[in-house]
Amino acid sequence: MAGTSDVATEKCSPAESLGVMKLNDHKAGMQGLDTAKINQIIEEASKGSQFYQHKQKNQERINAKIANLKASCAKLSEEQKKLGRAKMDSLARKLELMRDLSRTIVHVDMDAFYAAVEMRDCPELKTKPMAVGSSAMLTTSNYHARRFGVRAAMPGFIAKKLCPELVIVPTNFPKYTEVSRQVQKVFADYDPEFSAASLDEAYLDITDFLIARKDAGAEMTAAEAVEEMRAKILESTQLTASAGIAPNGMLAKVCSDKNKPNGQFVLENTREAVMEFIKDLPIRKISGIGNVTEQLLGSLGVGTCRDLWDKRELLYLLFSESSYDYFLRVALGIGSFGGDGSERERKSVSCETTFRSTSEHEELCDIIRQLSNDLAQDLERLGLTGRSVTLKYKTDKFDVKTRITQLLDPTRDGAVIAKAALSLLPVGLHLRLLGVRMSQLTSPAVTGNNNSSRKQRTLDELLLAAECPARKKRKLDAQVSNSLTEPDPTTTTPLLFTCPVCHSWRTSDGEVALNSHIDECLNQQVLYPETTSTGCSSSQAKLDRYVIRRAK
Ligand code: DCP
Ligand code: MG
């Protein structure tokens, strides 16, 4: 019988219906705020602004999506739900077999990073509520300012309404990059293959480090190692970091936020500890579950990780395969990937930065050159080269677009990357964000002649990770074109591109078609990050884990 009993049906108040404008207080230092009052100020301050109109347009589309979701849910029969639950139970059993509790993963995240750097260099800011950015947009705020509801991704003019005495300091990107390099030097002592997720955060696997210490007769616990690492960071930068220690990256990231600022949290490597930790965790705490997913799942009555498990049949019946698979992994505390090592696989490396909106062509070109150089350095550090250069830009109307181009040969040369990226820059648009991304990555270990088995495995891993609905067909395509990393121009095998957003495989049906696919992906990602049927969403969560972003 059809029914809606397990779906949240309360009506939203007008203020609530503007969910996107609501303060996101899932940020360290923002607990226990008077959110009703803050939301009212935000609403009043932003009405009529372009930011508001953009958010409103998005929210209307999300509301339509929620209405569809609820309508589809109401049509589900008990029989369908029973079947859905059985399918999810079977998937859960398979996922349990992949659970890996053997690794010690650490997520380290600097505290109020840009703000902390500015306070370090200008100590009188330490006692004041301050933020970094401009009246158009803030990149972060210190912990004093967070008490007023001021946070990243909030326009400075709204923040000033929340906290009139707020000091806004302009971003000094080269300075943060330099500090980031100092911090990364420390990371490398504990895991030379650490995975930087942005300028101020990284995932480290310290299992081997701990074993080596034990073998050398200098045993230390994971907590001691991380204490030591954080002390070294403080010593070299005069800045504090927080950390989470857990069996996988997804959990470690949640843990690093637990005792922020300047703290750490250890989650024991047992299934019981993981399940206990996860059960009451709000889904929004999980990296990759953002505002839109929170709203969509919320409309089904899902607010915590335990709810994800309890309503698993709805997830199976109403979401794409990649989405319900991801949700189930979250519900079980397993993370996006099992312990097969693929957590380290990178599909793209990118740098991006937000700035005061400008249409000044030379200024934009300079930013692209700087980003390309940073990207080249990251590729160098990671021992990677790439063939696809993507330019991402955000207009002053907040529309996100990308353009992609293919290089003849893989490279990590900053000048070559810059030339390719500059050729993609549109003229005459007012832009507020630029990003340069390198995909179709190769490394000597993957492309070497004697490494065919490694190469094949990597390709399979990539295909599995893509989780595209049309995966099987695309997998066949890819098998025909086994030399993905080095296409043979003499064969007629279609050249394959990897969409840098959803990671689905695209044949070379023209750059225009490819670009429009990517634009579509990005727009869907903005609107429906985890629910799109193209599989972009949970790939984005994965992408987020691999991509090295210069700014979040
Ligand atoms: N950042 C940005 N735009 C955003 C979010 C963040 O440019 N929308 C930049 C500024 C931050 C840095 O990235 O200082 C790190 O982001 P975090 O999310 O780690 O935030 P903070 O380090 O500022 O604070 P926290 O103490 O919560 O980690
Ligand atoms: Mg941080």
Side-chain angles (χ1 to χ4, degrees), residues 20 23-31 33 51 55 106-121 125 129-134 136-147 149-156 158-159 168-180 183-184 187 196-203 230 233-234 237 239-244 252-265 284-288 290-291 350-356 367 371 374 392 394 398 400 432-435 526 544-545 547-552:
V20 173
L23 177 76
N24 168 15
D25 59 356
H26 292 283
K27 183 88 183 142
M30 300 196 76
Q31 282 64 53
L33 300 182
F51 183 70
K55 294 284 185 187
V106 182
H107 178 256
V108 188
D109 189 299
M110 301 298 289
D111 302 322
F113 185 47
Y114 293 5
V117 174
E118 297 302 339
M119 289 190 293
R120 178 194 69 180
D121 297 347
L125 289 173
M130 62 84 69
V132 179
S134 67
M137 193 55 76
L138 301 181
T139 59
T140 192
S141 56
N142 68 2
Y143 280 73
H144 295 304
R146 291 182 195 191
R147 299 313 303 158
V150 173
R151 56 157 298 155
M154 174 181 277
I158 295 179
I168 301 180
V169 178
T171 32
N172 185 339
F173 202 61
K175 196 157 74 168
Y176 315 140
T177 310
E178 183 44 41
V179 178
S180 178
V183 175
Q184 291 184 355
F187 291 157
S198 74
L199 272 192
D200 92 319
E201 64 177 310
Y203 294 89
R230 290 175 43 239
I233 292 172
L234 182 63
T237 66
L239 299 170
T240 61
S242 298
K253 171 133 176 127
V254 179
C255 291
S256 71
D257 209 47
K258 274 237 143 313
N259 287 325
K260 244 183 188 303
N262 199 16
Q264 63 184 56
F265 182 88
R284 189 66 189 271
K285 293 275 180 200
I286 303 290
S287 170
N291 168 55
S350 69
C351 301
E352 67 179 56
T353 185
T354 305
F355 44 86
R356 177 187 48 80
I367 294 172
L371 289 171
D374 289 343
K392 173 181 169 186
K394 193 190 268 185
F398 295 91
V400 179
R432 52 181 298 114
L433 174 149
L434 276 167
V526 169
D544 278 342
R545 304 160 68 83
V547 167
I548 293 186
R549 285 168 297 162
R550 280 282 153 220
K552 284 185 219 172

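All ligand and atom numbering here is 1-based and tracks the order in the structure.
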Non-hydrogen atoms of Thr354 versus ligand 1: any pair closer than 4.0 Å?
no
Would you give the length of the straight line joining atom [atom1] of [X] to atom [atom2] of [Y], rounded to the nearest 0.5 angstrom?
X	Y	atom1	atom2	answer
Lys253	Cys255	NZ	SG	12.0 Å
Tyr143	Met130	OH	CE	13.5 Å
Asn262	Leu234	CG	CG	7.0 Å

Sequence neighbours excluded, the answer for ring-ring contact (aromatic ring centres under 6.0 Å, His included) partners of Phe113 is none
Purely on distance, is any nitrogen or oxygen of [X] under 3.5 Å from one on ligand 1?
X	result
Ala112	yes
Thr139	yes
Ala152	no
Tyr143	yes

Closer than 4.0 Å to some heavy atom of [X] - which atoms of ligand 1 meet that?
X	answer
Lys27	17 (P), 18 (O), 20 (O), 24 (O), 25 (P), 27 (O)
Asp111	26 (O)
Phe113	14 (O), 21 (P), 22 (O), 23 (O)

Short side-chain to backbone donor-acceptor contact, Arg230 and Ala241, under 3.5 Å
yes
Could you work out, for atom 11 (C) of ligand 1, the closest of Thr140, Leu239, Leu138 by heavy-atom distance?
Thr140
Who's closest to atom 24 (O) of ligand 1 heavy-atom-wise, of Met110, Glu201, Met137, Arg146?
Arg146
Between OD1 of Asp109 and OD2 of Asp200, what angle is found at the Mg ion (ligand 2), rounded to 10 degrees?
100°
State, to 0.1 Å, how close His107 and Ser256 come at their nearest heavy-atom pair, and which atoms those are.
ND1-OG, 2.8 Å
Run Ile168 and Leu138 through side chain to side chain contact (heavy atoms under 4.5 Å, CB included) and show every step you take.
CA-CA 8 Å; Ile168 301 180; Leu138 301 181; 4.0 Å; yes
If the plane angle is over 60° it's perpendicular, under 30° parallel, otherwise tilted; pick one for Phe173 and Tyr114.
perpendicular
Is Met110 close enough to the Mg ion (ligand 2) to have an N, O or S atom under 2.8 Å?
yes
